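One structure is given here, and the rest of the page talks about it.
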Amino acid sequence: MGLESGKVEQNLQQINLSKVEVEKSELEVFLGIKEHNWLKIKPIVVEVHNINERLKEIGTWLQNQLFNKILVNQ
């Protein structure tokens with residue numbers, strides 16, 4: 001059951017940790033999250049394969065979603 005399914009979304013107040021590991025589709029996952037649900041998400045852990053500057057693109061996108069601390073571990 002995904003975050004955006006009605007029953008989950010209706011009862012969800014906060015996400016304490018979100019982990020995304022989807023092999024080159026990270027941004028697509030993030031784009032599928034409704035704007036009002038971003039306020040419920042606290043930390044995100046994401047594995048990014050840095051192909052074609054994906055890491056920079058996803059980092060910038062997360063900063064635009066008000067994630068102000070981004071750590072990169074290679």
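Start at 1 with the first residue, then count along the sequence. In this text, all values refer to a predicted model and were calculated from it rather than measured experimentally.
- The shortest distance between side-chain heavy atoms of Ile33 and Ile41 falls below 4.5 Å.
- Relative ring orientation between Phe30 and Trp61 is described as parallel, the plane-to-plane angle staying below 30° on a 0-90° scale split at 30° and 60°.
- Clustering ILVMFWY residues whenever any of their side-chain heavy atoms sit less than 4.5 angstrom apart, transitively, puts Val29 in the very cluster that holds Leu31.
- Within a 6.0 Å sphere centred on CG of Asn64, other residues, nucleotides and ligands contribute more than 12 heavy atoms.
- Residue Glu47 is tested with Glu26, Glu21, Lys19 for a side chain to side chain contact (heavy atoms under 4.5 Å, CB included); the sole match is Glu21.
- Atom CD of Glu23 and atom NE2 of His49 lie 4.0 Å apart (nearest 0.5 Å).
- Between Asn16 and Gln14, the closest heavy-atom pair is OD1-NE2, 2.6 Å.
- Taking CG of Leu66 as the reference point, atom CG of Leu39 lies at 7.5 Å (rounded to 0.5 Å).
- Minimum heavy-atom separation, Glu57 to Leu27: OE2-CD2, 3.2 Å.
- Connection of Val72 to Val46 is established within a shared hydrophobic cluster, with ILVMFWY side chains joined at heavy-atom distances below 4.5 Å, either directly or through further cluster members.
- No more than 12 heavy atoms of other residues, nucleotides or ligands shown are found within 6.0 angstrom of CD on Glu35.
- In this structure, Val22 is not a member of the same hydrophobic cluster as Val45, with clusters built from ILVMFWY side-chain heavy atoms closer than 4.5 Å.
- Between Leu55 and Asn50, the shortest heavy-atom contact is N-OD1, 3.1 Å.
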